[in-house]
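Structure, as structure tokens:
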Number of protein chains: 2
Amino acid sequence: MRIVADARSITERLLTSDEVAAVFRVDPKTVVRWAREGRIAGIRTPGGRLIRYRESDVRAALEVPAVEAVSA
Amino acid sequence: MRIVADARSITERLLTSDEVAAVFRVDPKTVVRWAREGRIAGIRTPGGRLIRYRESDVRAALEVPAVEAVSA
DNA sequence: CATAACTGGGGTAATTGGGGAA
DNA sequence: AATGTCCCAATTACCCCAGTTA
């Protein structure tokens, strides 16, 4: 009998800076800056050198309209 | 302040290095290194060689934001 | 025209991953 | 067969700065 553990059940898939950069068509360096400045939610790995992004957070960032809704 | 009972029961699910690596999208060797350097809580099995991780500790590590420290 | 904000290039330091031996 | 450890090159993120846009 083989025990198959599904560790991913505790989290949704995380994306790398390169993957997010590919989505937005920008340089990975720019994505990292966004994460550092809080413009997009990012997770720091225990080592501190890598940043990962929740798919839902990236999706949320993609849904920001280019034009503000009619204001005032 | 509020004292909460330790939720880490003896029945809590333990994850392997490979599983934790899959969650963070890193190499299993990197997770082992994190545990050895104390960057993430790891448990040595009685055999002394294998390392296991509490799901709650992994969840905690996943909540570390990438944003720079924002002073009040 | 000057100012302000964002992006990407180059160099650097620390972390990460590959290969192999235990 | 599988997991963790060691050595070393590769990768990643940070800092400074120039180019572009509004």
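The shown structure was predicted, so the numbers you read here are calculated from the model rather than taken from an experiment.
For the OP1/OP2 pair of D:dT12 and a distance below 4.0 Å, the side-chain nitrogens and oxygens of A:S17 include no atom meeting the criterion. Taking side-chain N and O atoms only, A:T30 has no distance below 4.0 Å to OP1 or OP2 of C:dC6. Using a 4.0 Å cut-off, some side-chain N or O of B:R39 falls inside it from OP1 or OP2 of C:dT15. For A:W34 and C:dC6, the shortest distance from a side-chain N or O to OP1 or OP2 is not below 4.0 Å.
One cannot find a donor-acceptor pair under 3.5 Å joining the base of C:dT16 and the side-chain atoms of A:R49. Side-chain atoms of A:R33 come within donor-acceptor range of the base of C:dG8, with a qualifying N/O pair under 3.5 Å.
With rounding to whole Å, B:R52 atom CZ is found 10 Å from D:dA2 atom C1'. When the C1' atom of C:dG17 is taken as reference, atom CG of B:D18 falls 14 Å away, rounded to whole Å. One interatomic measurement links the two molecules: CZ of A:R36 to C1' of D:dC16, which rounds to 12 Å at whole-angstrom precision. Rounded to whole angstrom, the span from the CZ atom of B:F24 across to the P atom of D:dT11 amounts to 23 Å. Whole-Å rounding puts the B:I43 CD1 to D:dT3 P distance at 17 Å.
Criterion: ILVMFWY side-chain heavy atoms under 4.5 Å apart, direct or through other members. Under it, A:L50 and A:I40 are not part of a common hydrophobic cluster. Side-chain heavy atoms closer than 4.5 Å link hydrophobic residues (I, L, V, M, F, W, Y) into clusters, and following such links, even through other members, never connects A:I43 to A:V20. Linking ILVMFWY residues whenever their side-chain heavy atoms come closer than 4.5 Å, directly or via other members, places B:V26 and B:L62 in the same cluster.
The two residues B:F24 and A:P46 make their nearest non-hydrogen contact at CE2-CD, 3.9 Å. Taking each heavy atom of B:R25 and A:L14 in turn, the nearest pair found is NH1-O, 2.5 Å. Taking every heavy atom of both residues into account, A:Y53 and A:A41 meet most closely at CD2-O, 3.5 Å.
Salt-bridge annotation for B:R52 and B:E19: absent, with no side-chain N of the basic residue lying under 4.0 Å from a carboxylate O of the acidic one.
Residue A:E37 is the one, among A:E37 and A:K29, whose nearest nucleotide of DNA chain C lies closer to the 5' end (criterion: closest heavy atom). Nearest-nucleotide positions on DNA chain D place B:I51 closer to the 5' end than the other of B:I51 and A:P28.
Out of C:dT16, D:dT3, C:dG18, the shortest distance to the side chain of B:D27 is found at C:dG18. In this structure, of D:dT12, D:dT3, D:dC14, it is D:dC14 that holds the atom nearest to the side chain of A:V32.
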**Request:** Could you summarise the pairing of DNA chain C as dot-bracket text, marking Watson-Crick and G-U pairs under 3.5 Å with ( ) or [ ] inside the strand and | across strands?
**Result:** ..|||||||||||||||||..|
